[in-house]
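Every chain is numbered from 1 and lettered A, B, ... according to where its sequence line falls, protein lines coming before strand lines.
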There are 2 protein chains.
Amino acid sequence: MSNYPAPLARLIQELCKLPGIGEKTAARLAFHMLKGKKEDVLELAESISRMRHEVGLCRICFGLSEIDPQTGANGECAICRDSRREVEKICVVEEPADMIAVERSGEFKGLYHVLHGAISPLDGIGPDSLRIKEIIGRVENGAVREIIVATNPNVQGEATALYLAKVLKPTGVKITRIARGIPMGGDLEYTDPVTVGKAFEGRREI
Amino acid sequence: MSNYPAPLARLIQELCKLPGIGEKTAARLAFHMLKGKKEDVLELAESISRMRHEVGLCRICFGLSEIDPQTGANGECAICRDSRREVEKICVVEEPADMIAVERSGEFKGLYHVLHGAISPLDGIGPDSLRIKEIIGRVENGAVREIIVATNPNVQGEATALYLAKVLKPTGVKITRIARGIPMGGDLEYTDPVTVGKAFEGRREI
């Protein structure tokens with residue numbers, strides 16, 4: 001790295017911190033930014049810092065929302081503001097990206113709640129580190145009839161789903177879990193036994 | 001993309017313009033920047049724009065150098081300034097990254113000259129688009145005894161090497177070309193026939 005001019009070396013070092021980017025890729029990206037049009041490169045730098053300043057969390061569902069540039073306060077996201085959404089259904093996900101994945105399917109027309117993680121005692125993440133109090137509050141005060149738990153089908157996600165079911169039971173709301181099974185376009189032969197088991201367990205009459 | 005808040009969508013779009021980064025990787029990087037520490041992310045943005053403002057070309061060899069922050073003028077790079085380098089040898093390369101690769105080998109102690117490309121008529125790049133006039137000037141006015149042509153061993157690089165040999169011949173300088181052959185750690189069996197041919201052509205007594 002000592003052969004690069006200092007600002008270039010520093011950029012390569014910063015790029016290396018990104019996931020999946022090693023030193024060679026970082027150098028390739030940095031040289032691309034060095035040769036590319038100056039406006040394009042400054043535009044990229046600008047959009048990184050704008051994104052960090054302007055994207056915040058929705059004060060209702062904790063999904064992504066734009067921060068009000070005047071007040072600097074977190075507003076409501078486009079989905080929470082949308083009066084056409086079915087307010088009696090809330091889909092609970094782990095991360096904002098999961099919410100976008102569900103939206104992309106077009107299958108769900110209700111509201112969301114983002115936990116920002118899953119229960120994982122080994123990583124020191126308990127229920128108190130997640131937005132679980134807030135979902136209980138929304139169920140108690142709102143018109144919610146069904147909570148669809150769409151946490152990931154792994155150990156942490158399943159534990160979180162069970163915990164949610166336990167704490168939400170007293171409110172009397174209906175709690176459902178998304179189906180685990182063979183992915184579309186998948187192949188039984190190459191699917192792991194646990195998934196095949198879940199697919200049988202979750203079978204439905206046709 | 002319509003499901004992302006606008007500043008996030010814009011960042012993903014900008015990241016997609018980088019080489020080897022598709023929409024999925026761009027989204028992954030953007031979410032990483034969203035979750036990461038704010039200072040780290042703003043530091044990355046800052047180092048991108050600083051790099052573009054502070055890295056310029058050396059006015060002698062056209063390699064990378066830091067721009068003088070006071071005058072804004074291109075200075076001389078660390079290698080051209082270094083009095084311990086052998087001023088009678090100049091290694092000609094296509095790109096600044098090639099210069100760094102040669103430096104890394106530790107094999108060369110002379111000066112450099114970066115052409116910023118190679119002759120490629122199909123892409124409309126002729127000798128006038130490259131820093132060829134400048135290398136002729138350096139040979140005519142300097143103490144140069146040997147020009148080592150280290151352009152890439154492909155059609156454009158070879159054409160550039162031949163052109164350089166032709167235009168530099170009248171100055172009486174010695175012109176050499178780096179060896180083409182089997183890379184260290186390589187395997188004859190899997191080496192293309194042209195490279196094997198070059199390795200035989202370039203054989204030396206041991």
Side-chain angles (χ1 to χ4, degrees), chain A residues 1-15 17-21 25 27-56 58 63-67 77-79 95-97 99-104 116, chain B residues 1-15 17-21 25 27-56 58 63-67 77-79 95-97 99-104 116:
Chain A
M1 297 273 277
S2 63
N3 296 318
Y4 299 113
L8 188 63
R10 180 162 161 247
L11 173 60
I12 293 175
Q13 214 179 335
E14 291 292 330
L15 289 170
K17 294 180 188 163
L18 296 175
I21 303 223
T25 311
R28 192 160 54 98
L29 292 175
F31 275 106
H32 175 90
M33 292 178 195
L34 192 65
K35 293 196 77 171
K37 266 201 287 177
K38 195 162 182 168
E39 307 88 80
D40 282 359
V41 177
L42 297 181
E43 182 112 342
L44 171 64
E46 163 76 7
S47 41
I48 291 174
S49 73
R50 271 187 66 173
M51 186 275 288
R52 264 323 286 250
H53 286 119
E54 294 179 8
V55 176
C58 167
L64 301 178
S65 86
E66 286 181 60
I67 291 175
C77 70
I79 292 176
E95 298 292 343
M99 175 171 161
I100 290 165
V102 176
E103 271 302 282
R104 210 177 280 139
H116 288 275
Chain B
M1 298 275 275
S2 63
N3 296 319
Y4 299 112
L8 188 64
R10 180 162 160 246
L11 173 60
I12 293 176
Q13 213 179 336
E14 291 292 328
L15 288 170
K17 293 181 190 163
L18 296 175
I21 304 225
T25 311
R28 192 159 53 98
L29 291 176
F31 274 107
H32 176 89
M33 292 179 195
L34 192 64
K35 292 197 78 171
K37 267 202 287 178
K38 196 162 182 171
E39 308 89 79
D40 282 0
V41 177
L42 297 180
E43 182 113 341
L44 171 64
E46 165 75 8
S47 41
I48 292 175
S49 74
R50 271 187 67 172
M51 186 275 288
R52 264 325 284 250
H53 286 118
E54 294 178 8
V55 176
C58 168
L64 301 179
S65 87
E66 286 181 61
I67 292 175
C77 71
I79 292 176
E95 299 291 344
M99 175 170 161
I100 289 164
V102 176
E103 271 302 282
R104 210 177 280 137
H116 288 275

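- Residue F31(B) comes nearest to P96(A) through the heavy atom pair CE2-CB, 4.2 Å, listed as atom of the first residue, atom of the second, then distance.
- No other option in V41(A), D40(A), L64(A), T25(A) has as many heavy-atom pairs under 4.5 Å with chain B as L64(A).
- The residues R10(A) and E43(B) are annotated as salt-bridged, a charged nitrogen and a carboxylate oxygen being separated by less than 4.0 angstrom.
- Contact of S65(B) with chain A is made through the backbone alone, with heavy-atom distances under 4.5 Å.
- For A6(B), the parts sitting under 4.5 Å from any heavy atom of chain A are the backbone and the side chain alike.
- When the candidates E66(A), E103(A), R50(A) are compared by the number of heavy-atom contacts under 4.5 Å with chain B, E66(A) comes out ahead.
- Considering only heavy-atom pairs separated by less than 4.5 Å from chain B, the leading option among A78(A), P7(A), G36(A) is P7(A).
- Note that CG of L11(B) is 11.5 Å distant from CD of E54(A), once rounded to the nearest 0.5 Å.
- For L18(A), the side chain to side chain contact (heavy atoms under 4.5 Å, CB included) test picks out L15(A), I21(A), L29(B), H32(B), M33(B), L44(B), with sequence neighbours left out.
- Closest heavy-atom contact between M51(B) and A30(A): CE-O, 3.9 Å.
- Looking at L42(B), only its side chain comes within 4.5 Å of chain A, counting heavy atoms on both sides.
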